[in-house]
Amino acid sequence: MSEKSGLLALIFCIPPMGIFGLQHFYIGDICTGLIYLFTCGIFGFGWLFDLCTISDKVARKNAMNRTYHVPPTAVQVTGGAPNPLLAQFVQSTLTQQAVQQSQQAQLTQQLMQQQKETIEASRREKEYLAKQAREKEERERKEKEEKAREDKIREEMRKEFMIQQQQ
């Protein structure tokens, strides 16, 4: 938005334009302008008040527009006087952003730690299951060997018995 002229706003304040709120439409106060339009300058009292205060309203509106549209670093670089409220707002915003980033970093770190713990638990479980499977295979192998030995012993005993029977 461009800066508004205090003199032009004062000219718009002259009747009949001022009574119908043209000065408020000019400086961008549409709601106030509509109220003036439908109430004839708040029955003339608002119009009289505006005659005394319109230049201050224009100056405040221009300052607000400059503050809103120009970043604080640009105001300081161009030599404009820094606005303490704006500086406080920017500092507050930066602090909030830093807090949010810190919280996000902590949350990310917690999630990564949980993921590491889950992966480690999964790895330990796989190792345990693999160990159980190896032990089971070993038991089954030993059982087969034992059965084979028993079968061999039985076969030898049967052969010996047959030999004794034949004699």
Among pairs that include at least one residue of [range], which meet salt bridge (Lys or Arg N to Asp or Glu O under 4.0 Å), considering only residues two or more places apart or in two chains?
range: residues 10-24; value: none
range: residues 12-26; value: none
range: residues 19-41; value: Asp29-Lys61

According to the ring-ring contact (aromatic ring centres under 6.0 Å, His included) rule, which pairs have a member within residues 36-63, sequence neighbours left out?
->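 ring-ring contact (aromatic ring centres under 6.0 Å, His included) check on residues 36-63 returns His24-Tyr36.
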Interatomic spacing from [atom1] in [X] to [atom2] in [Y] - rounded to 0.5 Å:
X: Thr39; Y: Phe20; atom1: OG1; atom2: CZ; value: 10.0 Å
X: Arg158; Y: Asp151; atom1: CZ; atom2: CG; value: 11.5 Å
X: Leu111; Y: Leu107; atom1: CG; atom2: CG; value: 4.5 Å
X: Arg124; Y: Lys131; atom1: CZ; atom2: NZ; value: 14.0 Å
X: Asp50; Y: Ser55; atom1: CG; atom2: OG; value: 10.5 Å
X: Gln132; Y: Glu135; atom1: CD; atom2: CD; value: 5.0 Å

Return the minimal non-hydrogen interatomic distance between Ser5 and Tyr26, and the atom names on each side.
->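 Result for this residue pair: N-OH, 2.9 Å.
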Exercise: identify the closest heavy-atom pair between Lys4 and Ile27 = CG-CA, 4.2 Å
Close side-chain approach of Lys159 and Met162, heavy atoms under 4.5 Å | no
Heavy-atom distance under 4.5 Å between the side chains of Gln23 and Val58, does that happen here?
->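 SC-SC contact between Gln23 and Val58 ruled out.
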Hydrophobic cluster (4.5 angstrom, side-chain heavy atoms) - remaining members for [X]:
X: Leu129; value: Tyr128
X: Ile163; value: none
X: Leu7; value: Ile11
X: Met157; value: Ile153

Spell out, yes or no, whether Leu22 and Leu10 are grouped together once hydrophobic residues are joined by side-chain heavy atoms under 4.5 Å, including indirect joins.
-> yes
Look at the side-chain heavy atoms of Ile, Leu, Val, Met, Phe, Trp and Tyr, link any pair under 4.5 Å apart, and say whether Leu37 and Ile42 land in one connected group.
->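 Shared cluster, no.
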Hey, is CD on Glu140 packed in by over 12 heavy atoms from elsewhere, all under 6.0 Å?
-> yes
Check the surroundings of atom CD in Glu145: do more than 12 heavy atoms from other residues, nucleotides or ligands lie under 6.0 Å from it?
->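 Atom CD in Glu145 is crowded, with more than 12 foreign heavy atoms closer than 6.0 Å.
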Glu125 meets the salt bridge (Lys or Arg N to Asp or Glu O under 4.0 Å) criterion, sequence neighbours left out, with none
Residues forming a side chain to side chain contact (heavy atoms under 4.5 Å, CB included) with Leu48, sequence neighbours excluded |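 Leu48 satisfies side chain to side chain contact (heavy atoms under 4.5 Å, CB included) with Leu51 only.
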With sequence neighbours left out, write down each residue that passes side chain to side chain contact (heavy atoms under 4.5 Å, CB included) with Glu138, or none if nothing qualifies.
->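 Partners of Glu138 under the side chain to side chain contact (heavy atoms under 4.5 Å, CB included) test: Arg141, Lys142.
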Partners meeting side-chain hydrogen bond (donor to acceptor under 3.5 Å, both in side chains) with Arg123 (sequence neighbours left out) |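 side-chain hydrogen bond (donor to acceptor under 3.5 Å, both in side chains) list for Arg123, sorted by chain: Glu120, Glu127.
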Could you tell me whether Arg149 and Glu146 have a side-chain N and a carboxylate O separated by less than 4.0 Å?
->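 Glu146 and Arg149: salt-bridged.
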Without swapping roles, check the side chain of Thr118 against the backbone of Gln114 for a donor-acceptor pair under 3.5 Å.
->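 Answer holds: yes.
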Before giving the answer on side-chain contact (heavy atoms from CB on, under 4.5 Å), spell out for Gln103 and Val99 the whole-Å C-alpha distance, their side-chain angles and the decisive distance to 0.1 Å.
-> CA-CA 6 Å; Gln103 290 171 344; Val99 167; 3.7 Å; yes
